[in-house]
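First listed ligand is number 1; within each ligand, the first listed atom is number 1.
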Amino acid sequence: MAIRPLVILPDPRLREKSEPVDAITDDIRALAQDMLDTMYDAPGIGLAAVQIGVMKRVVVMDLAKKDEERQPLVLINPRITWASEETSVYEEGCLSIPDYYEEVERPARVRVAYQTLEGETVEREADGLFATCVQHEIDHLDGVLFIDRLSRLKRERVTKKFAKAAKREAAG
Ligand code: K2U
Ligand code: ZN
């Protein structure tokens, strides 16, 4: 369908809570396809609807490796139903905070419940990169960014950097 422009820090929409999806309509199916097109083009392995400016609780992911067949996953109204005490650390990036990577600690395993585009409710356990990515995406739906999970110093440094860049761009 369409590659959509990405919402970049410090856009205030990244700090808003997204709205639940009430019904899985053709518009939601088209949104999911645009999100997948945009994610593959970035490239990324996950994307939340807010990152293309749509405040709906929709996430797409594809953890297939470069040489593997694509395995797109669409999660409607995803929520974490359980998280392990055990944690893991992963170097995270974000398509809304380009070219910035830092280690983030998160629960190593989670259970995530969501609706599919076919309308069925699914609950599955995730570990490894799947666990990291799905937590990163659900954070987006709640207006939380991975930089919020860093030290205050690191967060303030990157926030200032992107605020300055946005100011320069606005000045033309
Ligand atoms: O939400 C996003 O910004 C998409 C991220 C998802 C992601 C973040 C951290 C860890 C895993 C996934 C993009 O896919 S960022 C690009 C990327 C790709 C592979 C691994 C890490 C980051
Ligand atoms: Zn992100």
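- For E105 and R149, the salt-bridge test fails: no basic side-chain N is under 4.0 Å from an acidic carboxylate O.
- Set against the non-hydrogen atoms of G44, the atoms of ligand 1 under 4.0 Å away are 14 (O).
- D62 places no side-chain N or O within donor-acceptor distance of the main-chain N or O of R70, the cut-off being under 3.5 Å.
- Ranking protein heavy atoms by distance to atom 3 (O) of ligand 1, first place goes to L95 N, 2.8 Å.
- Of the protein's heavy atoms, G93 N, 4.1 Å lies nearest to atom 22 (C) of ligand 1.
- Nearest protein heavy-atom contact of atom 6 (C) of ligand 1 is E137 OE2, 3.2 Å.
- A salt bridge between D139 and R106 is present, with a side-chain N of the basic residue lying under 4.0 Å from a carboxylate O of the acidic one.
- Take a cut-off of 2.8 Å around the Zn ion (ligand 2): the protein N, O or S atoms inside it are C94 SG, H136 NE2, H140 NE2.
- With a 4.0 Å cut-off on non-hydrogen atoms, M39 does not touch ligand 1 at all.
- With hydrogens left out, the protein atom closest to atom 4 (C) of ligand 1 is G46 O, 2.9 Å, a heavy atom.
- Residue contacts with ligand 1 include Q51, since one or more of its heavy atoms lies under 4.0 Å from the ligand.
- Ranked by closest heavy atom to atom 11 (C) of ligand 1, the top entry among I45, L6, L63, V59 is I45.
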Would D142 and R57 count as a salt bridge (charged side-chain N to carboxylate O under 4.0 Å, His left out) if you check the C-alpha gap in whole Å, the side-chain angles of each, and the deciding distance to 0.1 Å?
CA-CA 9 Å; D142 293 325; R57 300 185 79 80; 2.9 Å; yes
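- Atoms of ligand 1 lying under 4.0 Å from at least one heavy atom of C94, given by number and element, are 3 (O).
- Linking ILVMFWY residues whenever their side-chain heavy atoms come closer than 4.5 Å, directly or via other members, places F162 and L150 in the same cluster.
- Between E125 and R111 there is a salt bridge, since a side-chain N of the basic residue sits under 4.0 Å from a carboxylate O of the acidic one.
- In this structure, atom 17 (C) of ligand 1 has no protein heavy-atom contact shorter than 4.0 Å.
- Nearest non-hydrogen protein atom to atom 21 (C) of ligand 1 is Y90 CE2, 4.1 Å.
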